[in-house]
Number of protein chains: 2
Amino acid sequence: MAQVLDKKTPRRAEVIRAAAKLFSERGYHGTSMQHLGDALGMQRGSLYAHIGSKEELLFEVVEEGAERFLERGLSAVQMPAPASIRLRNLLIGHIETAIEHLDAATVFLNEWRYLSEPMQEVVQAKRDLYEGFVRAIIEDGIEAGEFRAEADVRFAATLVLSAGNWTYAWYRPGGELGPTQIGEKFATLVLKGLEA
Amino acid sequence: MAQVLDKKTPRRAEVIRAAAKLFSERGYHGTSMQHLGDALGMQRGSLYAHIGSKEELLFEVVEEGAERFLERGLSAVQMPAPASIRLRNLLIGHIETAIEHLDAATVFLNEWRYLSEPMQEVVQAKRDLYEGFVRAIIEDGIEAGEFRAEADVRFAATLVLSAGNWTYAWYRPGGELGPTQIGEKFATLVLKGLEA
DNA sequence: CCTACCGATCGGTAGG
DNA sequence: CCTACCGATCGGTAGG
C-alpha cells in the first residue's frame, strides 16, 4: 500500500533533478519512467515510492523553473533605481536563471503545456505575474521619460521575454561569455537599438 | 507488400497537414498514429499507404517549415536596399511566416530536435543558412555606418531570431494587429531601442 | 527499493 | 484503405 510520500527527502529531490534533465533533453512525452529509473539506477516501479505520478513530476519541475524566474524578477522590479537599470537587471537575471538552471528553465518554457488542469492554470498565473513585472518596469520608464513614449508596452515586454526565453535554444555551456555578460549584451541592444 | 508510395498525391499532403497540426498541439512524442488516423477518419495502419514512418512525417513537416522561412529570408537579403530596410523586411517576413504557417513553424522550431541523423543534420544546415542571412544584413549595416559599430553581430542576430522565433509561443489568432503590423512593431523596437 | 504483474497502447506489417 | 495481427513498451499497482 502507498505510504506517505516523502515530500522533502533528498532522494525525492534527486528524482526531480533527474526528471528535469531527461524532460529537457527528450521532452516529457519522449521520456518514459523506464528511462528515469535507468538514470537513477532503480526499477521503474520503485519511483512510485517517491512520487505520485509522472505528471506530478512534470509539475514539480515546471514549478521549480517558475520560482527561479519569479525570485529574480521580483528583486529586479523592487530595486530603487531608474527603469533602464531595473530592466537591464531583470534581463540579466532572466538569462542567468535560464543558464544556471537550464534543465528546469527549458521544461518550464517548453513542456508546461502538457500539464492538465488545474496544474496548468497554476503555472499560467505565475507566467502572467512575471510578464507583469516586465510591463511594470517599461511603464515606469515611459512615465519617467526614460523610454520612448511611442513604445508599445506589450510589444516591448514581449521582445524582452523573447530574448530571454529563447536562451535555452541556442546557449551551449563552455562559450567565451558568461551568463552575466550575455545578459548585458542583450540589455544594451534592447535599450539602445541597432541603429547608429 | 509495400508498393510505391504516393509522394505528391493530394491525400498524402492532407496527412502531412494533419500531422503538422497534431505535432504542434501535442508534440511529436505526444501524438500517436492512432490520433492521426482519427483526425483523418482512417485506420492507423492505413496511413502507411501514404508514408513510410512516423519520423518521415516529422521530417516532412519540419522541412516545410524550414523552406517557408528560407524563401522569405532569402528575398529579404537580396533586396537592393539599405540594411535597416532589409532587416525590417526579414523580421516582418519571419513573423508573417510564423503566423501564416503556425503549425509547421512551431514544429520546425520545437520538434526538429527529435529527428535522428541524418535528417537532423539536413535541418541544422538550413537553420545555419537562415542565421547567416540575418548576420549578413547586420554586417552590411555596420560596414555602411547604418548600425552602431559596437553592436555584436552574433548577439544582434540572436535577438532578431529570438523575437521572431518566440512568436509561436504567444501569438493567438484574432488579435487586433495583423502579422505585418506585429513585424513592424518589433522591427522598429530592435532598430531604435527602448531608450528615449 | 524489488519482483511480478495489470490492461492499454505503441509503431508498424502482411495480405487483401 | 481495412482487418487482423506482431512484439515491445507504456504508466502504474500489489505485496513484500
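Treat the numbers as computed from the prediction; the structure is a model and nothing was measured. Numbered from 1 within each chain, the chains take letters A, B, ... in sequence-line order.
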Integer-rounded Å distance: C:dC5 C1' and A:Y48 OH
14 Å
What is the distance, to the nearest angstrom, from the CG atom on B:L22 to the C1' atom on C:dG11?
16 Å
Check this for me: B:E121, atom CD, are more than 12 non-hydrogen atoms of other residues, nucleotides or ligands nearer than 6.0 Å?
no
May I have the distance from B:L57 (atom CG) to C:dC10 (atom P), rounded to whole angstrom?
15 Å
Less than 4.0 angstrom between a side-chain N/O of A:S32 and OP1 or OP2 of D:dC10, yes or no?
yes
Using whole Å, report how far CG of B:D38 lies from P of D:dC1.
15 Å
Expressed in angstrom and rounded to an integer, what is the separation of A:H29 atom NE2 from C:dG11 atom P?
12 Å
Taking the minimum atom-to-atom distance to the side chain of B:S46, which one of D:dC1, D:dG11, C:dG11 wins?
D:dC1
Between C:dT3 atom P and A:Q43 atom CD, what is the distance in whole Å?
5 Å
Give a yes/no on whether any side-chain N or O of A:R11 is located under 4.0 angstrom from OP1 or OP2 of C:dC1.
yes
Would you mind reading off the distance between B:L47 atom CG and C:dC10 atom C1', rounded to a whole angstrom?
14 Å
Are the side chains of A:E195 and B:R148 in touch, meaning some heavy atoms are under 4.5 Å apart?
no
Electrostatic pair A:E131:A:R127 at N-O distance under 4.0 angstrom
no
Side-chain N or O of B:H50 less than 4.0 angstrom from OP1 or OP2 on D:dC1?
yes
How long is the straight-line distance from OG1 of A:T31 back to NZ of A:K54, given to the nearest 0.5 Å?
6.5 Å
Can you tell me the distance, in whole Å, between the CG atom of B:L40 and the P atom of D:dC2?
11 Å
Under a 4.0 Å threshold between the charged nitrogen and the carboxylate oxygen, would A:R86 count as salt-bridged to A:D140?
yes
Using the side-chain heavy atoms of B:M42, tell me which of these nucleotides is nearest: C:dG11, D:dC1, C:dC1.
D:dC1
pair_partner(D:dG15), Watson-Crick or wobble, both distances < 3.5 Å, evaluates to C:dC2
Can you tell which of C:dG12, D:dC1, C:dC1 lies closest to the side chain of B:R44?
C:dG12
